[in-house]
Amino acid sequence: MAYAQLLSCHFNCQNSRLSNPVQVASEVFRQSRGSSFLFRNSDTTQKNQRRIVMNMQEERASKAVHDSEMRIPHVLTVAGSDSGAGAGIQADLKACAARRVYCSTVITAVTAQNTAGVQGVDIVPEEFVAEQLQSVLSDMHVDVVKTGMLPSPGIVKVLCQSLRKFQVRALVVDPVMVSTSGDILASPSVLAGFREELLPMADILTPNIKEASVLLGGVPLKSVSDMRSASKLIRDMGPRNVLVKGGDLPDSLEAIDVFFDGEDFFEMHSPRVNTRNTHGTGCTLASCIAAELAKGSSMLQAVKVAKRYIETALDYSRDIVIGNGSQGPFDHFLALKNISQSSLRQDRFNPNDLLLYAVTDSGMNRKWGRSIADAVTAAVEGGATIVQLREKEAETGDFLDAAKICLKICRSYGVPLLINDRIDVALACDADGVHVGQSDMPARVARTLLGPEKIIGVSCKTPEQAQQAWIDGADYIGCGGVYPTNTKENNRTIGLDGLKAVCLASKLPVVAIGGIASSNARSVIEIGVPNLKGVAVVSALFDRECVLTETRNLHTLLCEAAAALTK
Ligand SMILES: Cc1ncc(COP(=O)(O)OP(=O)(O)O)c(N)n1
Ligand SMILES: Cc1nc(C(=O)O)sc1CCOP(=O)(O)O
Ligand SMILES: [Mg+2]
């Protein structure tokens, strides 16, 4: 079968949006079957050639199955090249790779740049920027476009034209105007194009305080309160969300960013990292937001993850030396290093997320005729603050498929998803972490495999196990069975006293598990130990007719009980 025909029938499959890989494969076979008439030689040659055709068809069909399964999230960055590779296109590529997202590139300018500053800029003609945009967007499925240096009004124009022609899920605009070294990277005439065309299309704009000031006509920003006002005024220019980055705010011990979504303000605080290696933080942050959006995160969650990633990367790279200038690049690939300094793990896990911990059960879902997607959606809608996918009977492939589905749902609600027992599944789908028991893979080995960023929970029934969990680098303890349960066979009940003993033996946050429901959750919280952060529940949520109602009720009860304790 002619290659062009194979491609075209694959293309037709994609166009008809056959979502199931098996459907895609059978469509490839169906469309390709008629074409063996191309071969009209002797019988044997015909047989051999048919075999070749069949092999090609099988290969193509399996490729079609593979392609539809393996489409990875895709960010297109439209930005300038930095020869020193700390910022620009090079930072975007590294950030996306570190966040496990594919990144294609449209180059708007080539800069001669190093750790001392920008020595030269060569702007790519707008026609050639348009050609690059056409090449990428007409061929590849781009989820999110991220923009950096847009050095001419013509480039802003052709970009907006392309964005109108090829729809993407989100547009992240980093209004690069001044480099970290103070060099001007966009002329004032670009500002008009920004205001008129690009900003109204943006899902998020990420100015630093200098850029926010330029956008507002030179108003100085000196405090967090100024940043709040600026984010509101800038949002009036069109972007749906604004993140004003306060890293350069004078007299602040913290790096404070202000996020405004049109309704609420969120202040995001992180310790200021004392390092010269900050070149490229703006590009990296915007790319990381784009990458998380491409993976399906909500905007606020994407911003939080990106900020945490930058903070961890800066901390990890604080002492590296690249170049002789005043501003060095940092290392994007900390996850590839087997580091376990607990200092790097601060803040990426919020112990308050343990308040209402929903643990899934496929048997219960089957009993009530629910898909895993329905069960998890109802739980997070109802207020579950963290979800664990616990699939005790599933084949690895099915477990992974379920994990990908749940991850998409949880990311869109900003709720972490942990995988029960299976470190390999967590790695394969880039889940937020794992929960392991005393007979599963030891937590310290899980930590080595998962790196510093992932959440690791460990089941403990005794103070000794709790102490070991801390040494092994766990983030929290699951402690039970507090009450008898039918969900886990032969599970030893340790009661409220056993729970209290485990909590007192550890600095780690603890979530209680086993036989907990609305009828007894208050008594659990009321043991009143500060590191007991919540309850983990299976049957009281999932072995019920309406998961949404049960989760809502339990969530309200837990909030009330926790609030009563702090009075
Ligand atoms: C939050 C939480 N706590 C405890 C457990 C139990 O883990 P484990 O002892 O490994 O038993 P299984 O769940 O694997 O049967 C948990 N899953 N979650
Ligand atoms: C998974 C699990 N682990 C336990 C432990 O004691 O470590 S008890 C348990 C099952 C909890 O289910 P339910 O909320 O239906 O009682
Ligand atoms: Mg286990």
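This one's a predicted model, so the numbers in the text were calculated from it and none came from an experiment. We count ligands from 1, going down the list as the structure has it; atoms in each ligand are counted the same way. These values consider heavy atoms only, across backbone and side chains, with no hydrogens, waters or symmetry-generated copies.
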Engineer: I need the atoms of ligand 1 closer than 4.0 Å to a non-hydrogen atom of R390, numbered in the order shown.
Structural biologist: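 Checking each atom against R390, I get 12 (P), 13 (O), 15 (O).
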Engineer: Judged by atom type as modelled, is there a donor-acceptor pair below 3.5 Å linking the side chain of N520 to the main-chain atoms of A517?
Structural biologist: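 Side chain of N520 to backbone of A517, a donor-acceptor pair under 3.5 Å: yes, one is there.
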Engineer: Ignoring angles and geometry beyond distance, decide whether A536 reaches within less than 3.5 Å of ligand 1 through its nitrogen or oxygen atoms.
Structural biologist: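 No.
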Engineer: Between D432 (side chain) and I455 (backbone), is there a donor-acceptor pair under 3.5 Å?
Structural biologist: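 Absent.
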Engineer: Give the numbers and elements of all ligand 1 atoms closer than 4.0 Å to a heavy atom of D421.
Structural biologist: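 Ligand 1 atoms under the 4.0 Å threshold to D421: 10 (O), 14 (O).
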Engineer: Suppose I only count heavy atoms of K392 and a 4.0 Å limit; which atoms of ligand 1 are within that range?
Structural biologist: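 Counting atoms of ligand 1 from 1, those under 4.0 Å from K392 are 12 (P), 14 (O), 15 (O).
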Engineer: Starting from atom 14 (O) of ligand 2, locate the nearest protein heavy atom and write down its residue, its atom name and how far away it is, to 0.1 Å.
Structural biologist: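 Heavy-atom neighbour on the protein nearest atom 14 (O) of ligand 2: V538 N, 2.9 Å.
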Engineer: So that I can tick it off, tell me whether E489 and K392 are bridged by a salt bridge, with the cut-off set at under 4.0 angstrom between side-chain N and carboxylate O.
Structural biologist: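 No.
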Engineer: Would you say S459 has any N or O atom under 3.5 Å from an N or O of ligand 2, going by distance alone?
Structural biologist: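 No - when backbone and side-chain N and O of S459 are compared with those of ligand 2, no distance drops under 3.5 Å.
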Engineer: Can you find an N/O atom of T485 closer than 3.5 Å to an N/O atom of ligand 2?
Structural biologist: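 Yes, there is a polar N/O contact under 3.5 Å.
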Engineer: Is there a polar contact between ligand 1 and N420, counting only N or O atoms under 3.5 Å apart?
Structural biologist: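 Between N420 and ligand 1 (N or O atoms, distance only) the closest approach is under 3.5 Å.
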Engineer: Quick check: of its N, O or S atoms, which one does D421 have closest to the Mg ion (ligand 3)?
Structural biologist: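 Checking each N, O and S atom of D421, the shortest distance to the Mg ion (ligand 3) belongs to OD1.
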Engineer: Within 45° of the ring axis of F260 and under 6.0 Å from its six-membered ring centre, is that where the NZ or CZ of R228 lies?
Structural biologist: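 No, R228 does not sit over the ring of F260.
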Engineer: Please list, in number order, the atoms of ligand 1 under 4.0 Å from a heavy atom of Y357.
Structural biologist: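 In order of numbering, the contacting atoms are 1 (C).
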Engineer: Run the contact test for R492 against ligand 2 with a 4.0 Å cut-off on heavy atoms, strictly below, and give the result.
Structural biologist: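 Contact absent.
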Engineer: Any carboxylate oxygen within less than 4.0 angstrom of a Lys/Arg side-chain nitrogen, looking at D257 and K245?
Structural biologist: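 No, D257 and K245 are not salt-bridged.
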Engineer: Nearest non-hydrogen atom to atom 10 (O) of ligand 1 belongs to which of D440, I513, T487?
Structural biologist: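 Considering heavy atoms of D440, I513, T487, the nearest to atom 10 (O) of ligand 1 sits in D440.
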Engineer: Answer with yes or no whether A540 contacts ligand 2, where contact means a heavy atom under 4.0 Å from a ligand atom.
Structural biologist: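 It does not; every heavy atom stays at 4.0 Å or beyond.
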Engineer: List every atom of ligand 1 that sits less than 4.0 Å from any heavy atom of G478, numbering the atoms from 1 in the order shown and giving each element.
Structural biologist: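 Atoms satisfying the 4.0 Å criterion: 3 (N).
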Engineer: Could you say whether the N/O atoms of Y476 and ligand 1 ever approach to under 3.5 Å?
Structural biologist: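 Such a contact does not occur with ligand 1.
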Engineer: State whether a side-chain donor-acceptor pair under 3.5 Å links Y309 with H332.
Structural biologist: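 Judged by distance alone, the side chains do not pair up.
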Engineer: Starting from atom 3 (N) of ligand 2, locate the nearest protein heavy atom and write down its residue, its atom name and how far away it is, to 0.1 Å.
Structural biologist: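 Result for atom 3 (N) of ligand 2: K488 CD, 3.4 Å.
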Engineer: Any nitrogen or oxygen of M364, main chain or side chain, under 3.5 Å from a nitrogen or oxygen of ligand 2?
Structural biologist: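 Checking ligand 2 against M364, no N or O pair falls under 3.5 Å apart.
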Engineer: Could you find the nearest protein heavy atom to atom 8 (S) of ligand 2 and give me its residue, atom name and distance?
Structural biologist: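 That would be N491 ND2, 3.4 Å.
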Engineer: Give the name of the N/O/S atom in D440 that lies closest to the Mg ion (ligand 3).
Structural biologist: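 The D440 atom nearest to the Mg ion (ligand 3), restricting to N, O or S, is OD2.
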Engineer: Can you confirm whether or not the ring centre of F330 sits under 6.0 Å from the ring centre of H279?
Structural biologist: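 No, the ring of F330 stays outside the 6.0 Å limit from the ring of H279, centre to centre.
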Engineer: Considering only NZ, NE, NH1 and NH2 on the basic side and carboxylate oxygens on the acidic side, decide whether E453 and R308 come within less than 4.0 Å.
Structural biologist: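 No, no charged N to carboxylate O under 4.0 Å.
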Engineer: Check each atom of ligand 1 against the heavy atoms of Q388 and keep those under 4.0 Å away; list them by number with element.
Structural biologist: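 Ligand 1 atoms under the 4.0 Å threshold to Q388: 1 (C), 2 (C), 16 (C), 17 (N), 18 (N).
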Engineer: Would you call D261-R240 a salt bridge at under 4.0 Å N-O?
Structural biologist: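 The answer is no: the pair does not qualify as a salt bridge.
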Engineer: So which of S459, G457, G437, S439 gets nearest to atom 7 (O) of ligand 1, if we judge by its closest heavy atom?
Structural biologist: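 Looking at heavy atoms only, the winner is S459.
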Engineer: Can you tell me which residue and heavy atom of the protein come closest to atom 7 (O) of ligand 2, and the distance to 0.1 Å?
Structural biologist: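 Going atom by atom, the protein heavy atom closest to atom 7 (O) of ligand 2 ends up being I513 CG2, 3.8 Å.
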